[in-house]
Amino acid sequence: MDVTTKATTSIRARLLRILVLALAVLLALLGIAATEQISAYRNASATADNARLEITLQGLVHELQKERGLTTGYVGGVRQFSAKLPAQRKATDAARQQLDVALKGREDSAAGSVRESLGRLDGLAGIRKDADDGTGVVKDTFDYFTTTITVLDRLDLGLGDVHDGTLRDAYQALQVLGNAKEFTGEERAIVLGSVRAGKFRGDDYGRFMEIRAGRLAALDAFPRSATAVQERRLNTALTTPDAERTLAYESKAVHGTGKLKSSVIPPMAWWDATTSTINGMRGVQISLGTDVENRAAQLESSAQRDLLLFLLLALGTVAALGALALDCVRSVSSPLVELAQQAREVAGSRLPQAVAAVQDGSSGAAPQPPAPLAVNGRAGAEVREVAEAFDRVQRSAFDLATEQAVLRRNATDSLVSLGRRNQNLVRRQISFINKLEHEDADPATLANLFELDHLATRMRRNAESLLVLAGESSPRPWSTPLAVNDVLRAALSEVEEYRRVTLRRIEPAFVTGSVVVEIAHLLAELVENALSFSPPDSDVEIEGRRTSAGYLVAIVDHGFGMDNQALAEANVRLSGTASFMAEPTRFLGHFVVGALARKCGIEVRLGEAPAAGVVARVLIPAALLTEKAVEAKPSVPAPRKAETDMEPKPEPAVAPVAAKGGSSAARTRNGLVKRPQRSGIAAAVSETDRTDRTTPAAPPNPERTPEQVSGMLSTLRSAHMRGGISVEKEKQQNAETNEGAAK
């Protein structure tokens, strides 16, 4: 028998002895007892803490209910409550402080939900101030307190998911009683807010009837989860003289069909009767909370005892297994440690370096795969098999990386080649179209040529998108700063349905010339996307404003919108961190925007529009802005209009927007005045920058009729032709003169 066979037999025999005892003892104890005991202890401990927190929270709710009744009545005209309000406010603040003490040091989910809900109490100071200075409104006061109490009362502290049935029923009874108590408090407050007026305010009568029905339903549901003792406590609290007077007053309010008279339901008498009834229900609530807390403490103590016994048994088992496992550890430990060390080196440095060398490919030489793992001669057969399997894995990873690098490089080269070819063809096409535009004076033909020019411009953008995805720089350099308004119009000249785009308020600013082309391309992709996913009869709105971080452009469509997951995925693509090779082709526009935004340092995010649809926010950093256009000539020759389209063509003009207070109005394609719609674009912009600004709005663009535009184009073409003819005549005369001189 060779060394490998001996090592295999020795390792298997030793592992077998360990596994037999481990499966018989550890799996039985740790798999069943440990899981159950630890879970029971944690559940019981958390339940006890949450029960105490629930009791303290209900104390705050009780004080808020009392302050709601006093404040609502005081705002409604019951001036006798002015003497009671200061003491009640102190009681409410004290209950809030007790709850803060109970939350101190707790970082669990239940405490987090309570802290978050306590933020609603920040508005309590304003409600108190309005009540004191006489500007309070009964409905607003009642709604604030009721909403706050409802949020606090319906917090899920995890007590409804406990394992113990007795504790779960007690907590359910506590919740039902809390609902009945809250409904009673709402009845008290809504009557006090209206009794001085002689009738219920607005729809308060219907609301009062709904609250009463909710209270009766909660009281009917209480016996289903409460014990007999707990049910007797509640019956005792609801059969006191004050409780009976409360029911009598309530009956008068119900049968009054909306009328309330102070002589029939005296405010102070109603307050005293309902407050006494609610205090009685509060006493039952406290006793229920005590039952919940005591039961949780019992469960915690029992779980702690069982867990301690289990730990002692587990320690004894581990001590017995230690002696049996020691020999196996010594024989396997060293080879495995060496193998793990080499595996970490492969995963941390060797394999990533080899893959990076493959993906770089700049040296031209074929990178070598990582060296195989070296295994100690004392290692067993299993260790050797693991090393061989790991070698196969790293070899497969290296081969896959090599193949992917070749494919990616070929795909990139193909994109660059295709983009360059298309770009050259489109450039020649645009030049030829421009030539035809200057030669033909027929308005219909000229309009068709403009349409062809527009289509060619869009084709050029698609070709440049391929270059952007391949990481190539822009083939249309621009050196001088350009106004944001002109950049936007340059972008609109590259989209199809530019007539559906409405420029709203565009604050003046200038973009650095080095990024003008990239920003125009980026905006064109976003506008095209907005037009594609919005109804054909709706407009896409654009607004631009200066912010503290730079210049913000908001593009809002009024389509069906996107869900949260789709928005999150789109924003990842727009960030420029994702690879377009692994995504569907319908998202290529997102990757083009992401590549341009990452190159220029621009932040692009999609979000829900305030009304409907999606808003794209483009934040151009301040480093890419300049205060005014530079008067010096550009460092590179300014390209022709046909090659750059930085200036929008005369025909695809964007529909102007009337300035605030002006007489002009946006019109449809048929010349009819559009009904002004309440756009949410201002709200979309203000979500990103809420600082006050004094920058004046850009003046509205002058609105011209189609006849005026046609006349301007005809005049421009005639002047151009006259100038061309004069130049040709002058060249001909010079040629004749030179020819005569030569003779």
Side-chain angles (χ1 to χ4, degrees), residues 107-110 112-113 115-117 119 151 154-156 158 161 404 408 411 462 465-466 468-469 471 491 495-497 500-501 519 521-543 547 549 552-621 678-690:
E107 300 297 336
D108 53 285
S109 59
S113 62
R115 287 193 184 95
E116 182 179 358
S117 300
V151 170
R154 294 182 180 177
L155 289 176
D156 183 11
D161 300 329
Q404 292 295 325
R408 186 178 294 107
N462 292 335
S465 295
L466 295 178
V468 170
L469 293 176
V495 300
E496 180 178 2
E497 299 181 357
R500 288 173 48 203
V501 181
I519 294 178
H521 192 168
L522 182 149
L523 293 173
E525 292 288 347
L526 292 175
V527 172
E528 187 81 58
N529 186 73
L531 290 169
S532 300
F533 293 96
S534 60
D537 58 346
S538 66
D539 290 346
V540 171
E541 300 174 300
I542 302 179
E543 183 168 342
T547 68
L552 178 67
V553 178
I555 303 171
V556 180
D557 67 65
H558 301 284
F560 295 105
M562 304 169 66
D563 55 36
N564 293 333
Q565 181 178 358
L567 283 175
E569 294 174 353
N571 284 326
V572 171
R573 293 189 290 270
L574 294 175
S575 65
T577 58
S579 174
F580 73 93
M581 301 295 289
E583 293 284 344
T585 56
R586 65 179 183 272
F587 297 132
L588 286 182
H590 288 180
F591 290 103
V592 173
V593 174
L596 292 171
R598 189 173 185 182
K599 176 183 177 182
C600 300
I602 297 173
E603 180 182 352
V604 181
R605 289 193 63 81
L606 298 183
E608 294 182 357
V614 176
V615 55
R617 299 181 179 87
V618 181
L619 181 59
I620 304 173
R678 300 179 60 184
S679 174
I681 190 166
V685 176
S686 62
E687 289 182 7
T688 303
D689 181 23
R690 301 180 182 275

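Being a predicted model, the structure only gives us computed values, none of them experimental. Computed from heavy atoms alone, side chains included, the values below leave out hydrogens, waters and symmetry copies.
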Could you tell me if the side chain of Leu522 sits less than 4.5 Å from the side chain of Val618, heavy atoms only? yes
I want to check something: taking the side chain as every heavy atom from C-beta on, are Leu619 and Ile602 in contact at a cut-off of under 4.5 Å? no
List for me each residue that meets side-chain contact (heavy atoms from CB on, under 4.5 Å) alongside Ala570, sequence neighbours excluded, and say none if there are none. Met562, Arg573, His590, Leu606
In terms of heavy-atom contacts, Ala554 and Val615 come closest through CB-CG2, 4.2 Å
Heavy-atom distance under 4.5 Å between the side chains of Arg617 and Leu552, does that happen here? yes
Can you name the residues that form a side chain to side chain donor-acceptor pair (under 3.5 Å) with Asn571, not counting sequence neighbours? none
Within the 3.5 Å criterion, strictly below it, is a donor on Arg500 or Ser534 matched to an acceptor on the partner's side chain? yes
Would you call Glu608 and Leu567 a side-chain contact if the rule is heavy atoms closer than 4.5 Å? yes
When every non-hydrogen atom of Ser113 is compared with those of Leu155, the smallest separation belongs to O-CD2, 3.9 Å
Would you call Glu525 and Leu596 a side-chain contact if the rule is heavy atoms closer than 4.5 Å? no
Which pair of non-hydrogen atoms, one from Ala491 and one from Ala524, has the smallest distance, and what is that distance? O-CB, 3.5 Å
Within 6.0 Å of CZ in Arg115, more than 12 heavy atoms from elsewhere: yes
For Ser538, all residues meeting side chain to side chain donor-acceptor pair (under 3.5 Å), sequence neighbours excluded: none
Looking at side-chain heavy atoms only, is the closest gap between Val501 and Leu531 below 4.5 Å? yes
Can you see which heavy atom on Cys600 is nearest to which on Pro621, and at what distance? O-CG, 4.4 Å
Under 3.5 Å, side chain of Asp557 to main-chain N/O of Gly613, donor-acceptor pair present? no
List the atom of His558, the atom of Asp539, and the distance in Å for their closest heavy-atom pair. CD2-O, 3.2 Å
